[in-house]
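Take a look at the structure below.
One is the number of the first residue; the rest follow in order along the sequence. Because the structure is a prediction, the values reported are computed rather than measured. Read the numbers this way: they start at 1 and go in the same order the structure lists the ligands and their atoms.
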Amino acid sequence: MNENKNKKAQEIWQAVLGKIEMKVPKASFQTWLKDTSGVAFDEQNSTINVKVNSSFTAQYLQERMAGIIERELNNVSGKTVQVNYLQGSEIVRSSKTDSTSTTIKKDPKNIFPLNPNYTFDSFVVGDTNQLAFAGAQAVSSNPGIAFNPVVFYSGVGLGKTHLLHAIGHSLRNQGKNVLYITSEEFTNQYIASIKNQTTESFRVNFRNVDALLIDDLQFLIGKEQTQEGFFHTFNELHMQNKQIVVALDRPLSKLDVLEPRITSRLSGGLTADIQKPSYETRIAILQSKASTLEVQLPNNIYEIMAKKASSNIRQLEGVLNRVAAWSQFNGNKATSNELLNFISNDFDFSYQSVPTFTSEDVIKAVCEHFSITKDQIKGKQRRKNFLIPRQIVMYVLREETSMSLSAIGKVLGNRDHSTVLHGCLKISELIHSDDNIKKQIFNIKDTLLEINS
Ligand code: ADP
Ligand code: MG
């Protein structure tokens, strides 16, 4: 019976992973999902236990990927399934917010340990994050006094959580009682305390900290009652000069969906945004991460990575991790060209899931690249100068968009789907045998990515 449960869990989870892998960037998949496994499926209660190797992974999956995981689980199993994330034999997170799930550890400090890698030392300071960094340091030297509250905001993967943890480490090293919590977990605990009529102990729990670091506060949007709870917690701490630090994915001015009195409280301290890092900072970050990983790569490799992965630092790290792993796997003997090759493959994959350009964008990019006209690329002539670019358009459209073969044929002068299929296959072959073509396609995709951003 137990064995059956396990086998079913494995099957279901593998199927879910298979589906998610096609929908999320490769970096996220590798980082968060690749090493998870389904270990038990309880048919009757519709729960699946999934093993993860850190509580961080569990936290991430639950906070950032819950939607897609839930959907795919639903698709695969045909019903709504609750996920319990297990580390060892212990449930560290659960998708069930219901307070009756008693297996979740209740002490908030245990739920969110600080990531040991997220320190001030490992944070690379550049133009776009220096105010936030300075604010974080000021808070660490003078908690509750320098700026209170401190609010960080930025898009994803730009260092907010890193800074919150760095503050946490620093304050804990000074013997302070620090609570780091996501606002989602705050919500869960608050709701549970109302249900269980333990709001008093909830308050005491939070009131007794020297610093409250609350991540992703935007989760409170639309949760009026929890906002109320947060407002009171905030006031109690603030009145006692306890430090409050908040991370948000958008500026306060765009937070009008939160209660005005909360936004007004939040704007009373220091607000610091973090923007995308500059090219130079991205290189510095890569070099710093590489030295932590104990790998050394040629400079041009960092440059390429920094050029390609510009949207956030998590993505940058993902690329570096894979290149580093690959390079170590090859005994650190890979030549610059081999590394380059690896990276270009890697980028081909990781960008598959951002198909936001149109067929016309692709045709235009390819025409410009080869200095030919749209009529030539769509026309009947089978000269190599037109044929290859035409086939590249087919290939790129097939790879980067969800267009069908016949739809692609249609935009390319009404060709039929078998011609398109042939073209795609031709280019797939060439990519493996002809480095020059590969680079050209790489450049074209680059142009498209720029259109995208
Ligand atoms: P956010 O919370 O803003 O989404 P994170 O703090 O989780 O982003 O950062 C994503 C990843 O990028 C983390 O691994 C973090 O260590 C790294 N990172 C972000 N900013 C920096 C920086 N300035 N220096 C070094 N690493 C950084
Ligand atoms: Mg974060």
Side-chain angles (χ1 to χ4, degrees), residues 24-25 27-28 30-32 54-66 93 111-137 139-140 150-170 180-186 212-221 245-251 254 271-293 302 305-306 309-325 350:
V24 302
S28 322
Q30 296 271 346
T31 314
W32 303 109
S54 76
S55 58
F56 262 87
T57 305
Q59 182 190 344
Y60 188 91
L61 291 178
Q62 215 210 297
E63 283 174 7
R64 303 293 178 90
M65 299 189 119
R93 302 279 291 185
I111 294 184
F112 292 117
L114 298 173
N115 184 331
N117 299 325
Y118 291 0
T119 60
F120 283 126
D121 283 343
S122 65
F123 193 85
V124 176
V125 185
D127 285 352
T128 59
N129 60 21
Q130 85 191 7
L131 178 62
F133 182 78
Q137 287 211 310
V139 157
S140 308
V150 167
V151 177
F152 299 127
Y153 71 86
S154 78
V156 300
L158 294 177
K160 300 180 295 292
T161 299
H162 189 133
L163 282 179
L164 289 186
H165 286 212
I167 294 171
H169 286 302
S170 165
Y180 166 83
I181 191 169
T182 65
S183 72
E184 198 195 20
E185 187 56 36
F186 181 91
L212 173 65
L213 315 176
I214 183 156
D215 210 347
D216 290 320
L217 196 77
Q218 68 277 1
F219 277 118
L220 289 194
I221 291 171
V245 187
V246 168
L248 262 173
D249 74 347
R250 65 200 81 184
K254 296 238 169 80
T271 306
D273 69 328
I274 306 177
Q275 298 293 334
K276 288 182 189 172
S278 66
Y279 174 69
E280 286 77 10
T281 309
R282 297 204 293 279
I283 296 214
I285 290 173
L286 282 168
Q287 286 171 338
S288 144
K289 303 261 174 202
S291 85
T292 317
L293 293 172
Y302 296 122
M305 288 193 265
S310 61
S311 66
N312 74 57
I313 296 169
R314 191 172 290 127
Q315 178 200 28
L316 202 60
E317 271 190 307
V319 178
L320 177 70
N321 285 339
R322 291 192 300 283
V323 176
S350 36

For Leu163 and Ile274, run side chain to side chain contact (heavy atoms under 4.5 Å, CB included): C-alpha distance rounded to whole Å, both residues' side-chain angles, the deciding distance at 0.1 Å, then the answer.
CA-CA 11 Å; Leu163 282 179; Ile274 306 177; 4.1 Å; yes
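- Ring geometry for Phe133 versus Phe120: interplanar angle over 60°, hence perpendicular rather than tilted (30 to 60°).
- Residues satisfying the side-chain contact (heavy atoms from CB on, under 4.5 Å) criterion with Glu280, sequence neighbours excluded, are Ser278.
- Partner Leu213 forms a side-chain contact (heavy atoms from CB on, under 4.5 Å) with one of Thr182, Val139, Ile167, Val150 and no other, that one being Ile167.
- For ligand 1, the protein residues within 4.0 angstrom (heavy atoms only) are Tyr118, Ser122, Phe123, Val124, Asn129, Ser154, Gly155, Val156, Gly157, Leu158, Gly159, Lys160, Thr161, His162, Lys289, Ile313, Arg314, Glu317.
- At a threshold of 4.5 Å between non-hydrogen side-chain atoms, the residues Pro277 and Leu158 count as touching.
- A 4.5 Å side-chain heavy-atom check between Thr161 and Tyr180 finds at least one atom pair inside the cut-off.
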